[in-house]
K.L.:
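Please see the structure below; I have some questions.
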Amino acid sequence: MNELNPQQQLAVAHVEGPLLVLAGAGSGKTRVVTQRIAHLIDLGILPSDILAVTFTNKAAEEMRARIRSVKNVQVLTCTFHSLGARILRESIQSLGYQPNFAIYDEEDSEKLLKSCLDELQLSSQKGLLKEVRSAISTAKNNLQDPQSLAEKLIREAFSLYQGKLKEYNAVDFDDLLYLPVKLLQNNESVKELYQNRWLFLLIDEYQDTNLAQYTLAKILADKHHNLFAVGDPDQSIYSWRGARYQNILNFERDFPGAKVITLEQNYRSTNHILHAANALIEHNPNRYKKNLWSSLGDGDKIGLFIAQSERHEAEFVSQKILQHVAEQKFPYDQIAIFYRTNAQSRPFEDALLARKIPYIMIGGQSFYARREIKDLLAYLRLLVSSSDVIAFLRTINLPKRGLGPATLDKLIESAAQQNTPILTYCENPDVQLSTRQQQGLREYVQLIRHLRTRISTLKLHELLAELITGSHYIDFLKEDPETFQDRKENIDELIGKAAEWEEDHENPTLQAFLEELSLRTSTDAKANIPSVKLMTLHNSKGLEFPLVFLVGLEEDLLPHINAKDSEEKIEEERRLCYVGMTRARKILYLTLAMHRFIWGISRSMTRSRFIKELPSQHLLSLTQRPHNVQPSQHTQFTENATTAPLSAGTQVLHQQFGSGTILRCFESSFGLAYEVRFPDSETTRTLVAKFAKLRPIS
DNA sequence: TGTCTTTAGATTTTT
DNA sequence: TCTAAAGACA
């Protein structure tokens, strides 16, 4: 207690009633939360009476570990989505689903929705799928039923989609919030059950709750009113997922008698960093004012570097990393690189790899999103549930069993008509099938039936191995020799992970394994060696690093081009930048590139407006004078540019690529550009006229 | 039904 | 630039 400031002490000592902690960046939120739970336990409250809800799995794991290290007790800490899954596993039957329901990820639910649009004969309209998908997601996050929607097309697609989910005994991500709320709203006894199960509720990142999450929290806390919410409106960055930072501003209205505590002392960053970040966020007009201060001294100014290209930017960052490691003995794992979009990671990976700097990407393409992994998991899903049509479709032709789209349509339709789970139906189908098809289907069903008998006797990884042998999946992978080795390694890794998971869990059921995987992003932060962390700004929330590189500070990237149509979205981009800056403890670099390849074409970029919003006294320019700059491709070639226009069909000679034919001329952001086919190397390249020095062959 | 070729869309962010 | 779906054709 003595090590806490007065506001923190107040928050830690709070026991009953609603409390909102407005916790500015770096204000010691995590400590307050863990100390407060420790305090509750000291008062004799049972750990099982406490529920802590966080925004990410990672945050949940961290909180669980912290509580265990302080008090050596198990407190339930989970994300909203896993809380939803937990409630549904126990109580979904009153909504007419079976408890062994599957959880569909984005890919699965998109496939299902597509089949719905096909059925409504709407799939020809391009772009519609995405539009309907996002409309359904928004509706669920706002707790709207299909019938309540205004637009007929969306209403029908939503109805059909939701009906099929139920028929297939599956829920999508949004259902993990939407269905529990419906359940609690419509069923008094279920509501009581959960209201009495958790007497003390803690919600982290409250500014990022959407209506469904907010409602879930409100209902759960409605009996005992012991809701401890923590958040910071300046760090609300998920409005595109339906988050309403207004929830945090309305807390006192929504929870009568609520207390509010503001934490303004920052224990993380030195003052150049903190003041610059404060100045940035001040540019958001509609903001609940607060003033973060720090007693950690001025520290270093923020380094600003303007690179010629994204490669140059990555070179700079990796060089600086080596320099700091050598001079100040920063371990690699105290260093992070943040970017706006996942696509920006590539050049950094290349540069780090080239200098043998160990790194880990957080987020991005998940291990579990790989095709071969999802294939095997789909097989496993069928062991748990016979109704999972999407998993059936995914696996039925792995390897090929001669069942094409037409036949599968018939099977699925027949099964639906007879109200029979697809797998059960396939044991005895009454659809015309060729001998080959009959045999293929029989083998498939028998494989699954056989594996089911082994679930209770085999270990998880043994079951997986038997599945792989039994289905001849390896033979299927061999059909593509180019990717075979990679995919084989991934499968071995999956088997390893399954074995490991089994060791770590007391009751390692197949269903629990699948559920955890479908709710987990890729953040397997088990790094054996200290590594530099690469992640999106969204993923950086809640973390801190002594040395931070915030890269790609360019207009159209940060703020992102898609945010430019409204001031509110720009404000959210600004908060995103603020979140990134406030992760830095000691040293912060901001970088940008003058030119960047986007969709294969080089574009000129301009510096982000957010840089201009930072007071110059906190910045130190690190950009080399032009004469020191290694000539980039662009400057080098501009010197002796030849720009005489050439027309399509002209034979041309290129210094490096040899002779070729111009296929097409068009305007790029550098002016006239050509698409040229080079027969020697069998490649087609896009070349900018003024850089590429093409000579016509006469 | 299976295979090869063409084309469109993706790159905003995540559970 | 890359991938997956659609389309063409055997």
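Chain letters run A, B, ... following the sequence lines, proteins first, then strands; residues in each count from 1.
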K.L.:
Report yes if at least one side-chain N or O of A:Asn342 is closer than 4.0 Å to OP1 or OP2 of B:dT11; otherwise report no.
P.N.:
no
K.L.:
How about A:Tyr194 and A:Glu90: does a side-chain donor come under 3.5 Å of a side-chain acceptor?
P.N.:
yes
K.L.:
Tabulate protein N/O versus nucleotide N/O from nucleotides 1-5 of chain B, keeping only pairs under 3.5 Å, one per line.
P.N.:
residue: B:dT1; atom: OP1; partner: A:Gly404; partner atom: N; Å: 3.4
residue: B:dT1; atom: OP1; partner: A:Thr407; partner atom: OG1; Å: 2.2

K.L.:
Give one of base, sugar-phosphate or nothing for A:Glu106, where a contact means two heavy atoms less than 4.0 Å apart.
P.N.:
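Contact class for A:Glu106: base.
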K.L.:
Taking atom types as modelled, find out whether A:Glu555 and A:Thr606 have a side-chain donor-acceptor pair closer than 3.5 angstrom.
P.N.:
no
K.L.:
Backbone N or O of A:Ile237 within a donor-acceptor pair of the A:Arg575 side chain at under 3.5 Å?
P.N.:
no
K.L.:
Specify the residues of residues 235-246 of chain A, ordered by number, for which at least one heavy atom lies under 4.0 angstrom from an atom of DNA chain B.
P.N.:
A:Tyr238, A:Trp240, A:Arg241
K.L.:
For the pair A:Glu573 and A:Arg340, find out whether any cationic side-chain nitrogen is under 4.0 Å from an anionic carboxylate oxygen.
P.N.:
yes
K.L.:
With the threshold set at 4.0 Å, does a side-chain nitrogen-carboxylate oxygen contact exist between A:Arg603 and A:Glu554?
P.N.:
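A salt bridge is absent here (no side-chain N lies under 4.0 Å from a carboxylate O).
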K.L.:
Give a yes/no on whether any side-chain N or O of A:His560 is located under 4.0 angstrom from OP1 or OP2 of B:dT12.
P.N.:
yes
K.L.:
Between A:Arg381 and A:Val384, is any pair of side-chain heavy atoms under 4.5 Å apart?
P.N.:
no
K.L.:
Taking the six-membered ring for Trp, are A:Tyr238 and A:Phe55 closer than 6.0 Å centroid to centroid?
P.N.:
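That pair passes the under 6.0 Å test.
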K.L.:
Take the protein atom CG of A:Asn539 and the nucleotide atom P of B:dT14, then report the distance between them rounded to whole Å.
P.N.:
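Whole-Å distance recorded here is 5 Å.
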K.L.:
I'd like to know if A:Arg371 pairs up with A:Asp375 as an ion pair, taking the criterion as any Lys NZ or Arg NE/NH1/NH2 lying under 4.0 Å from an Asp or Glu carboxylate oxygen.
P.N.:
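Looking at A:Asp375 together with A:Arg371, the answer is no, because their closest N to O distance does not fall below 4.0 Å.
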K.L.:
For B:dT12 and A:Thr536 - does any side-chain N or O of the residue sit under 4.0 Å from the phosphate oxygens OP1/OP2?
P.N.:
no
K.L.:
Quick one: which protein N/O atoms are closer than 3.5 Å to N/O atoms of nucleotides 7-10 of chain C? Pair and distance per line, please.
P.N.:
none

K.L.:
If we ignore angles and hydrogens, is there a donor and acceptor under 3.5 Å between the side chains of A:Tyr161 and A:Asp172?
P.N.:
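Result is yes, a qualifying pair exists.
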K.L.:
Measuring to OP1 and OP2 of C:dA5, would you say a side-chain N or O of A:Lys111 lies under 4.0 angstrom away?
P.N.:
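The answer is no; no side-chain N or O of A:Lys111 sits under 4.0 Å from OP1 or OP2.
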K.L.:
For A:Lys130, report the nucleic acid contact type (base, sugar-phosphate, nothing); a contact means any heavy atom under 4.0 Å.
P.N.:
sugar-phosphate
